[in-house]
Amino acid sequence: MTSLLSFTPSTPSLHLPTFSNVRHHHRLSPTTLLISYPHPLPRVQILYRAPHAPPRPSFSASALRAAADGLLQDAGATAFVLAGAYGLVLCFDNLTQRNLLQQSLSRKLVHILSGLLFMLSWPIFSTSTAARYFASVVPLVNCLRLLLHGLSIVTNEGLVKSVTREGNPKELLRGPLYYVLILILCALVFWRESPVGVVSLAMMCGGDGVADIMGRKFGSIKIPYNQKKSWAGSISMFLFGFLISIGMLYYYSFLGYFQLNWVETVEKVALISLVATIVESLPITEVLDDNISVPLVSMAAAYLSFSL
Ligand SMILES: C/C(=C\COP(=O)(O)O)CCC[C@H](C)CCC[C@H](C)CCCC(C)C
Ligand SMILES: Nc1ccn([C@@H]2O[C@H](COP(=O)(O)OP(=O)(O)O)[C@@H](O)[C@H]2O)c(=O)n1
């Protein structure tokens with residue numbers, strides 16, 4: 001026979017509940033113990049409960065430990081990715097300072113690698129609901145860094161040289177700033193749970209980044225409606241945007257974050273890549289930076305495609 005015994009250090013009030021009381025739903029307080037009596041004892045249910053003591057939630061030690069572990073994991077992951085971000089920019093700064101890398105190529109490689117590596121790092125964060133907020137700290141810190149340097153409150157030749165076209169700190173307040181804001185948006189809104197954020201960042205980082213490199217190198221034949229963009233650049237945007245998106249979706253699918261029908265997914269990503277490429281080719285950069293138009297139109301196209 002099992003009896004429910006609940007007690008607190010204060011003077012317990014003893015009452016022998018009628019049989020019906022025992023059927024009430026009991027919220028087990030942390031001081032509730034289940035004690036089994038040997039069979040010969042009378043069938044008595046003893047319920048001690050402190051007077052006026054409201055039932056306290058029963059947090060198990062293992063749940064608290066799991067929460068603490070998750071917090072520790074997310075804090076460690078944030079520190080690791082922050083260090084990675086700083087190291088990436090420092091690495092390209094060194095390469096440009098030593099004239100081993102052109103400034104324009106350095107900027108584009110930082111553009112391609114930063115967001116993709118950030119996205120690849122998301123699985124090292126915990127499964128806690130707070131994980132996405134920890135991850136967003138990384139682009140947020142870089143956002144503040146870009147603001148401080150872009151407003152020349154702080155000066156850092158290396159950052160400016162590796163992330164701007166002409167070496168003007170004010171450039172940090174446009175493309176690079178929009179870029180990290182989009183990273184924050186995708187991490188917070190879509191995170192690891194939706195292909196929308198993954199595809200949008202793949203288009204902005206991979207597609208748009210490669211379009212610049214290939215367009216500058218092979219872009220002799222310009223697009224009729226935009227003499228600043230070329231067919232080589234746009235075709236590269238479509239192909240690499242598509243391939244990097246599929247690669248990232250496979251990565252997250254392999255890790256079990258979402259299951260996809262790959263035939264449909266290939267069709268959807270091809271459509272999203274086409275839409276993003278068309279928008280990127282439009283002569284609107286002066287009005288709306290590519291780091292805003294490309295990810296936002298990719299988000300819209302991906303949201304519609306994957307929700308149908
Ligand atoms: C150069 C950048 C954008 C400019 O784009 P565009 O105008 O040429 O089209 C990217 C700026 C990146 C920023 C300085 C650093 C961002 C780091 C990122 C949030 C985290 C990377 C972590 C990873 C592990 C390296
Ligand atoms: N579709 C494209 C995109 C860029 N490009 C080349 O890459 C250069 C920079 O492209 P962009 O203005 O999109 O540069 P970001 O705004 O991405 O930094 C252009 O001036 C072109 O020479 C291209 O030829 N075709």
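Just so you know, ligand 1 is whichever comes first in the structure, and atom 1 is the first atom listed for that ligand.
Looking at I223 against ligand 2, nothing comes within 4.0 Å, counting heavy atoms. Residue K108 touches ligand 1 through its side chain alone, judged by heavy-atom distances below 4.0 Å. With a heavy-atom cut-off of 4.0 Å, E280 touches ligand 2 through its side chain alone. With a 4.0 Å heavy-atom cut-off, ligand 1 is reached by the side chain of N291 but not by its N, CA, C or O. At a heavy-atom cutoff of 4.0 Å, ligand 1 is contacted by the side chain of L183 but not by its backbone.
Counting protein heavy atoms only, atom 2 (C) of ligand 2 is closest to K229 CD, 3.3 Å. From the protein, the heavy atom lying nearest to atom 21 (C) of ligand 1 is S114 O, 3.5 Å. Scanning the protein heavy atoms around atom 13 (O) of ligand 2, the nearest turns out to be D290 OD2, 2.8 Å. From the protein, the heavy atom lying nearest to atom 9 (C) of ligand 2 is D212 OD2, 3.1 Å. The closest protein non-hydrogen atom to atom 15 (C) of ligand 1 is N142 OD1, 3.7 Å. If you check which protein heavy atom lies closest to atom 5 (O) of ligand 1, you get H111 ND1, 2.8 Å. Shortest contact from atom 23 (C) of ligand 1 to any protein heavy atom: L117 CB, 3.7 Å. With respect to atom 3 (C) of ligand 1, the closest heavy atom belonging to the protein is P176 CA, 3.6 Å.
Note: W191 and F125 have perpendicular aromatic rings, judged against thresholds of 30 and 60 degrees for the angle between ring planes. Between F242 and F238, the angle of the ring planes stays under 30°, which puts this pair in the parallel group of the 30/60° scheme.
Ionic pairing of D212 and K108 is present here: one or more N-O contacts between side-chain nitrogen and carboxylate oxygen are shorter than 4.0 angstrom. A salt bridge between D290 and K229 is present, with a side-chain N of the basic residue lying under 4.0 Å from a carboxylate O of the acidic one. Note on K161 versus E166: no salt bridge recorded, every NZ/NE/NH1/NH2 to OD/OE distance being 4.0 Å or above.
Contact record, S230 with G219: OG-CA, 3.2 Å, taken as the closest heavy-atom pair. For the pair H111 and M204, the tightest heavy-atom approach, listed with the atom from each and the gap, is NE2-O, 2.7 Å.
With contacts defined as side-chain heavy-atom distances shorter than 4.5 Å, the pair P224/W231 qualifies. No side-chain heavy atom of I278 sits less than 4.5 Å from a side-chain heavy atom of V275. S106 has its side chain out of reach of L95: every pair of non-hydrogen atoms, C-beta onward, lies at least 4.5 Å apart.
For F306, the CZ atom sits in a packed shell: over 12 heavy atoms of surrounding residues, nucleotides or ligands are nearer than 6.0 Å. Within a 6.0 Å radius of CD1 in I153, other residues, nucleotides and ligands contribute more than 12 heavy atoms.
Nearest residue to atom 13 (C) of ligand 1 from V180, D290, L140, V294 is V180 (criterion: closest heavy atom). When the heavy-atom distances from atom 19 (C) of ligand 2 to E171, K228, R165, H111 are ranked, the shortest goes to K228. Within the set S230, A211, G219, the minimum heavy-atom distance to atom 24 (O) of ligand 2 is found for S230.
Residue contacts with ligand 1: V138 is included, with a non-hydrogen atom under 4.0 Å away. Within the 4.0 Å heavy-atom shell around ligand 2 one does not find M237.
Applying the 4.0 Å criterion to heavy atoms of G84 picks out, from ligand 1, the atoms 25 (C). Close contacts between ligand 1 and G175 involve ligand atoms 4 (C), 7 (O) [criterion: under 4.0 Å to a heavy atom]. Near V163, the atoms of ligand 1 lying under 4.0 angstrom from a non-hydrogen atom of the residue are 1 (C). Annotation for ligand 2: atoms under 4.0 Å from non-hydrogen atoms of K108 are 15 (P), 17 (O), 18 (O). Of all the atoms in ligand 2, the ones that sit under 4.0 Å from a non-hydrogen atom of S234 are 1 (N).
The shortest N or O to N or O distance between R107 and ligand 1 is below 3.5 Å. The distance criterion of under 3.5 Å between nitrogen or oxygen atoms is not met by T285 with respect to ligand 2.
Defined by atom type and a distance below 3.5 Å, a donor-acceptor pair is present between the side-chain atoms of D74 and S126.
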(request) Decide side chain to side chain donor-acceptor pair (under 3.5 Å) for T285 and E280; before the verdict, give the C-alpha distance in whole Å, the side-chain angles of both, and the deciding distance to 0.1 Å. (result) CA-CA 8 Å; T285 308; E280 192 275 341; over 6 Å; no
(request) Determine, step by step, whether Y250 and W262 satisfy the side-chain contact (heavy atoms from CB on, under 4.5 Å) criterion, reporting the C-alpha distance in whole Å, the side-chain angles of both residues, the deciding distance to 0.1 Å, and the verdict. (result) CA-CA 9 Å; Y250 181 77; W262 285 104; 4.0 Å; yes
